[in-house]
Student: 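I'd like to ask some things about the structure below.
These values consider heavy atoms only, across backbone and side chains, with no hydrogens, waters or symmetry-generated copies. The structure displayed is predicted, hence computed values, not measured ones.
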Amino acid sequence: NMLTHLGAAARSARREAGRKQIHSAVRLDVTEQTVQNFELGHHWPRNADAVIQAYADELGIDPLEIWTEALKRWRDS
């Protein structure tokens, strides 16, 4: 399912940047548990584009990098 791959791609990008879930939670104005649920593929965020944009802003990358990685993971699964 695409959610699993999108969450994993966001988590991977966050970890590569040396950031913690709490940083994403603060940026998104949600709880750390909400971020964890997204990254583990448990729940779709209300606005996936806004969430990925927030990750990208936090990490200083283009949001398309996260989406592209998620699509690659989905295609390879």
Side-chain angles (χ1 to χ4, degrees):
N1 121 9
M2 184 59 183
L3 170 58
T4 302
H5 302 295
L6 184 58
R11 181 180 62 239
S12 178
R14 176 184 57 75
R15 287 180 174 169
E16 285 177 20
R19 305 298 286 169
K20 297 184 180 209
Q21 286 181 338
I22 189 66
H23 299 123
S24 298
V26 168
R27 170 80 67 166
L28 291 162
D29 194 27
V30 298
T31 66
E32 224 175 319
Q33 184 66 48
T34 299
V35 171
Q36 183 177 29
N37 285 337
F38 164 64
E39 288 184 356
L40 294 175
H42 295 308
H43 300 289
W44 272 102
R46 287 189 178 123
N47 183 339
D49 287 326
V51 169
I52 297 306
Q53 183 65 57
Y55 269 82
D57 291 346
E58 175 72 23
L59 304 175
I61 61 174
D62 188 311
L64 288 177
E65 290 181 46
I66 298 172
W67 283 108
T68 300
E69 178 62 21
L71 287 169
K72 178 186 172 296
R73 289 170 184 238
W74 178 64
R75 186 180 56 241
D76 293 346
S77 67

Student: First locate atom CG of Leu6, then atom CG of Asn1, and finally report the distance between them rounded to the nearest 0.5 Å.
Tutor: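 Going from CG on Leu6 over to CG on Asn1, the span is 10.0 Å.
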Student: Measure across Ala9 and Glu69 and return the closest heavy-atom pair with its distance rounded to 0.1 Å.
Tutor: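 So the minimum-distance heavy-atom pair works out to CB-CG, 3.8 Å.
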Student: Look only at the side chain of Thr68 and the backbone of Glu65, and say whether a donor-acceptor pair between them is shorter than 3.5 Å.
Tutor: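 No; zero donor-acceptor contacts below 3.5 Å.
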Student: Are Ile61 and Val51 connected in a single hydrophobic cluster, I mean Ile/Leu/Val/Met/Phe/Trp/Tyr linked by side-chain heavy atoms less than 4.5 Å apart?
Tutor: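 Val51 clusters together with Ile61.
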Student: What's the separation between atom CE in Met2 and atom CZ in Arg75, rounded to the nearest 0.5 Å?
Tutor: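 Between Met2 CE and Arg75 CZ, I get 10.0 Å after rounding to 0.5 Å.
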Student: Which heavy atom in Ala17 sits nearest to a heavy atom in Leu59, and how many Å separate them?
Tutor: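 Closest pair (atom of Ala17, atom of Leu59, distance): CB-CD2, 3.5 Å.
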Student: Between Ala10 and Ile52, what is the shortest heavy-atom contact and its length?
Tutor: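 That would be CB-CD1, 4.4 Å.
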Student: Enter the distance from Gln53:CD to Glu58:CD here, rounded to the nearest 0.5 Å.
Tutor: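 So the gap between those two atoms works out to 12.5 Å.
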Student: In Å, rounded to the nearest 0.5 Å, how long is the span from NE2 of His5 to CG of Leu71?
Tutor: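 It comes to 10.0 Å.
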Student: Quick one: which residue pairs count as a salt bridge (charged side-chain N to carboxylate O under 4.0 Å, His left out) with a foot in residues 43-54, not counting sequence neighbours?
Tutor: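 Output for this query is empty, none listed.
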Student: Run the side-chain donor-acceptor check on residues 34-44: report pairs under 3.5 Å with partners two or more places apart or on a different chain.
Tutor:
residue: Thr34; atom: OG1; partner: Thr31; partner atom: OG1; Å: 2.9
residue: Asn37; atom: OD1; partner: Gln33; partner atom: NE2; Å: 3.2
residue: Asn37; atom: ND2; partner: Gln33; partner atom: O; Å: 3.4
residue: Glu39; atom: OE1; partner: Arg14; partner atom: NH2; Å: 2.8
residue: Glu39; atom: OE1; partner: Gln21; partner atom: NE2; Å: 3.0
residue: Glu39; atom: OE2; partner: Arg14; partner atom: NE; Å: 2.8
residue: Glu39; atom: OE2; partner: Tyr55; partner atom: OH; Å: 2.7

